[in-house]
Peer 1: 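Dropping the structure in here first, questions after.
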Protein chains: 2
Amino acid sequence: MDGSVEPLKARRIYLLLKERIGSGGLPPGSRLPGEPALAAEHGVSRVTIRRALDMLAQDELIDRRAGSGTFVRSHSPVRPLVADLSNVLSHIVEMGRRTGIRLLSFAYAHPPAAVADALGLKAGERTQRSVRLRLIDGAPFSYLTTHVPERIGLTYSEQDLATVPLLALLERSGVTVDRATQAIGATLAGPEVAEALDLEIGSPLLSLTRVVYGPTGEGIEHLHALYRPDRYSFEMELSRAGEGADRRWSPVPVAAARRDAG
Amino acid sequence: MDGSVEPLKARRIYLLLKERIGSGGLPPGSRLPGEPALAAEHGVSRVTIRRALDMLAQDELIDRRAGSGTFVRSHSPVRPLVADLSNVLSHIVEMGRRTGIRLLSFAYAHPPAAVADALGLKAGERTQRSVRLRLIDGAPFSYLTTHVPERIGLTYSEQDLATVPLLALLERSGVTVDRATQAIGATLAGPEVAEALDLEIGSPLLSLTRVVYGPTGEGIEHLHALYRPDRYSFEMELSRAGEGADRRWSPVPVAAARRDAG
DNA sequence: GCTACCTGTCTAGCGTATAAGACAATTGGC
DNA sequence: GCCAATTGTCTTATACGCTAGACAGGTAGC
């Protein structure tokens with residue numbers, strides 16, 4: 001059906017070499033052992049070694065010169081990464097990049113137990129579930145799944161959701177947003193997400209789960225976001241605060257919208 | 001020569017499902033979609049799905065009942081996750097969990113260009129590079145690689161590093177730590193890291209890169225940390241601040257050491 | 001120029017992961 | 001009891017990752 005399966009041994013060697021390059025084990029400009037030598041060293045055939053090197057070359061981590069050898073690129077492959085701390089939307093807009101939203105799905109249904117729990121819903125209560133894709137300069141970087149209790153979700157239209165940030169919609173509807181908790185983790189791309197984000201299945205993703213509460217502690221919104229780490233990362237500035245045993249890092253009051261290299 | 005190649009698609013699906021179970025996407029006791037449904041969803045054959053489920057069963061993560069279905073084991077191996085925002089070390093200690101450090105490597109050498117850049121080193125200047133593994137209740141959860149300029153690294157011993165947090169060592173040595181920048185992303189486990197963290201190659205990892213600066217802006221420490229997302233995640237509390245167009249999230253002053261589920 | 005080593009490209013073949021489908025055995029709901 | 005859906009166990013065929021080797025072309029040192 002598919003056929004485009006990635007190699008396995010080749011992939012391992014690719015990851016190994018990539019790690020060595022990234023960690024300085026193979027300094028920039030240095031020459032790698034010849035392909036036959038690498039093949040012998042790793043106990044694989046030369047074809048497999050070449051596959052691994054192909055991937056490194058595609059990442060622009062190495063330069064291959066026929067007759068001469070394979071060299072670690074002196075110039076690192078750069079960082080098209082966007083940046084942000086807690087406020088996802090506005091900073092991007094401020095940075096002047098054109099971002100877009102594509103609404104992939106929109107429906108009212110019974111939420112998964114984990115979501116119902118987090119929002120403090122009664123058994124059987126339904127939510128509005130929407131899946132949106134966020135783009136920057138036309139390239140998708142974020143896959144957002146939100147759940148909003150049905151009664152709140154009815155205060156705006158599907159059309160609204162495809163254009164206006166959800167929190168703005170909520171506050172426009174008179175909902176008072178008070179506080180939120182969020183957790184950042186990592187996961188792998190499944191088939192649907194991989195497809196939407198233009199990735200291969202099994203690619204690493206940044207995951208963010210945020211639960212938004214109103215003043216009385218009732219759940220307002222459950223957001224699950226998946227980010228392509230090569231196009232998006234969380235950046236923040238810290239300052240050293242406290243004294244003695246209580247000395248610790250504390251985040252700088254935001255505002256520090258980080259510049260990006262793009 | 002070899003021939004015993006591991007499954008590939010099956011392995012991916014295995015990792016994917018394992019991740020979903022571990023992260024609560026598939027709650028304990030819940031029933032998985034049927035094998036034909038999973039096969040269709042992932043675009044693979046049922047045999048492949050069964051291979052993935054075989055692996056999960058071997059991990060005792062699922063129960064398979066012929067005629068009934070496949071269920072996530074209620075016995076939860078899950079959620080020993082730690083939590084924290086910016087100050088990695090102290091909160092864990094406060095939480096009363098026994099944490100440990102294992103020093104994996106310690107040497108002075110020329111750093112990779114990215115590190116030298118970030119620290120603002122002169123060409124040819126060397127750094128002390130150390131790799132440490134952090135454990136919680138005996139289980140590894142974090143793989144730390146630090147670079148410190150040679151002149152600063154010489155103020156403490158290898159033995160110190162294996163027991164005392166690095167920042168404490170630095171401040172004890174009279175170094176003034178002022179501010180830092182950090183970025184959170186996601187990546188895949190390479191061979192060495194996978195081995196150290198007791199993971200399979202290709203597992204997802206949280207990555208944190210922090211650069212610490214002194215009062216005059218000189219680089220003091222470059223930290224690259226990789227976390228097992230099932231054992232560690234970043235959590236934070238946000239409050240809604242600002243007015244009108246400037247309305248945004250802002251992190252709660254820390255202190256809010258988040259409780260964990262034990 | 002000559003030589004040694006390198007990457008680039010091709011061939012042939014093996015082992016196995018995967019696909020596609022059939023059928024049996026079990027379970028649970030009606 | 002009956003029926004639908006499930007897992008368990010086969011079969012056959014295909015796809016492809018990997019091996020092993022040969023050969024061409026480029027590059028650098030002697």
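Naming convention: chains lettered A, B, ... in sequence-line order (proteins, then strands); numbering from 1 in each chain.
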Peer 1: Just jot down the side chain to side chain donor-acceptor pair (under 3.5 Å) partners of A:Asp54, sequence neighbours excluded, or say none.
Peer 2: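 Here the qualifying residues are A:Arg64.
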Peer 1: With sequence neighbours excluded, what pairs up with A:Arg126 under the side chain to side chain donor-acceptor pair (under 3.5 Å) test?
Peer 2: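 A:Glu150.
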Peer 1: Which angle, to the nearest 10 degrees, lies between the helix axes at the two ends of the helix from C:dG1-D:dC30 to C:dC30-D:dG1, each defined by five pairs?
Peer 2: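 End-to-end axis angle for the helix from C:dG1-D:dC30 to C:dC30-D:dG1: 40°, rounded to 10°.
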Peer 1: How close or far is atom P of C:dA20 from atom CZ of B:Arg51, stated in whole angstroms?
Peer 2: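 My rounded result for the distance is 15 Å.
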Peer 1: If you look at every heavy atom in B:Ser130 and B:Thr146, which pair is closest and at what distance?
Peer 2: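 That closest heavy-atom pairing would be OG-OG1, 2.6 Å.
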Peer 1: Mind listing the side-chain donor-acceptor pairs of residues 217-224 of chain A below 3.5 Å, one per line with the distance, residues two or more places apart or on another chain?
Peer 2:
| residue | atom | partner | partner atom | Å |
| --- | --- | --- | --- | --- |
| A:Glu218 | OE1 | A:Thr216 | N | 3.3 |
| A:Glu218 | OE1 | A:Thr216 | OG1 | 2.3 |
| A:His224 | ND1 | A:Thr209 | OG1 | 3.3 |

Peer 1: For B:Lys9 and D:dT14, give me the distance from atom NZ to atom P, rounded to whole Å.
Peer 2: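 To the nearest whole Å, that distance equals 17 Å.
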Peer 1: Round to a whole Å and report the spacing from CG of A:Leu38 to P of C:dC6.
Peer 2: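 Between P of C:dC6 and CG of A:Leu38: 10 Å.
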Peer 1: Does B:Thr48 place a side-chain N or O at less than 4.0 Å from the phosphate oxygens OP1/OP2 of C:dA17?
Peer 2: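 Negative; the distance criterion is not met.
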Peer 1: Ignoring backbone atoms, establish whether A:Arg50 has a side-chain N or O less than 4.0 Å from OP1 or OP2 of C:dT7.
Peer 2: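 It does not, given that no N or O in the side chain of A:Arg50 lies less than 4.0 Å from OP1 or OP2 of C:dT7.
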Peer 1: For B:Ile62 and D:dT6, give me the distance from atom CD1 to atom P, rounded to whole Å.
Peer 2: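 Going from CD1 in B:Ile62 over to P in D:dT6 covers 15 Å.
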Peer 1: Could you work out, with side chain to side chain donor-acceptor pair (under 3.5 Å) as the rule, every residue matching A:Tyr156, not counting sequence neighbours?
Peer 2: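 Listed in chain order: A:Gln128.
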Peer 1: Going by the rule side chain to side chain contact (heavy atoms under 4.5 Å, CB included), which residues pair with B:Arg31 if we only count those two or more places apart in sequence or in a different chain?
Peer 2: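 For B:Arg31, the residues satisfying side chain to side chain contact (heavy atoms under 4.5 Å, CB included) (neighbours in sequence not counted) are B:Phe71.
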Peer 1: Roughly how many Å is it from CD1 in B:Ile49 to P in C:dG21, rounded to a whole number?
Peer 2: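 Roughly 16 Å, once rounded to whole Å.
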Peer 1: Report yes if at least one side-chain N or O of A:Arg46 is closer than 4.0 Å to OP1 or OP2 of D:dT19; otherwise report no.
Peer 2: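 No, outside the criterion.
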Peer 1: Choose from C:dT18, D:dT7, D:dT19 the nucleotide whose nearest atom is closest to any side-chain atom of B:Ser45.
Peer 2: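 Closest nucleotide to the B:Ser45 side chain: C:dT18.
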Peer 1: Quick one: does B:Pro111's side chain get under 4.5 Å of B:Arg129's, heavy atoms only?
Peer 2: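 No, every pair of side-chain atoms sits at 4.5 Å or beyond.
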Peer 1: The criterion is side chain to side chain donor-acceptor pair (under 3.5 Å); which residues satisfy it with B:Arg132, sequence neighbours excluded?
Peer 2: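 Partners of B:Arg132 by the side chain to side chain donor-acceptor pair (under 3.5 Å) criterion come out as none, since no residue qualifies.
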Peer 1: Take the protein atom CG of B:Leu53 and the nucleotide atom P of D:dG8, then report the distance between them rounded to whole Å.
Peer 2: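 The distance from CG of B:Leu53 to P of D:dG8 comes to 9 Å, rounded to the nearest Å.
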Peer 1: Using whole Å, what does the distance between atom C1' of nucleotide C:dA17 and atom CG of B:Asp54 come to?
Peer 2: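 Interatomic distance, CG of B:Asp54 to C1' of C:dA17: 14 Å.
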Peer 1: Looking at A:Arg64, does any N or O in its side chain come under 4.0 Å of the phosphate oxygens OP1/OP2 on C:dG8?
Peer 2: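 Answer is yes, contact under 4.0 Å.
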Peer 1: Quick one, give me the B/S/- string for nucleotides 25-30 of chain D, reading 5' to 3', where B means a protein heavy atom under 4.0 Å from the base and S means that only happens at the primed atoms, P, OP1 or OP2.
Peer 2: BBB---
Peer 1: Not counting sequence neighbours, which residues clear side chain to side chain contact (heavy atoms under 4.5 Å, CB included) with A:Leu205? List them please.
Peer 2: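 Testing A:Leu205 for side chain to side chain contact (heavy atoms under 4.5 Å, CB included), a comparison that skips the adjacent residues, returns A:Thr187, A:Ala189, A:Val193, A:Leu197, A:Leu199, A:Leu226, A:Pro229.
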Peer 1: Find the distance A:Glu35:CD to D:dT19:C1' and express it as a whole number of Å.
Peer 2: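 So the CD-C1' distance, A:Glu35 to D:dT19, works out to 15 Å.
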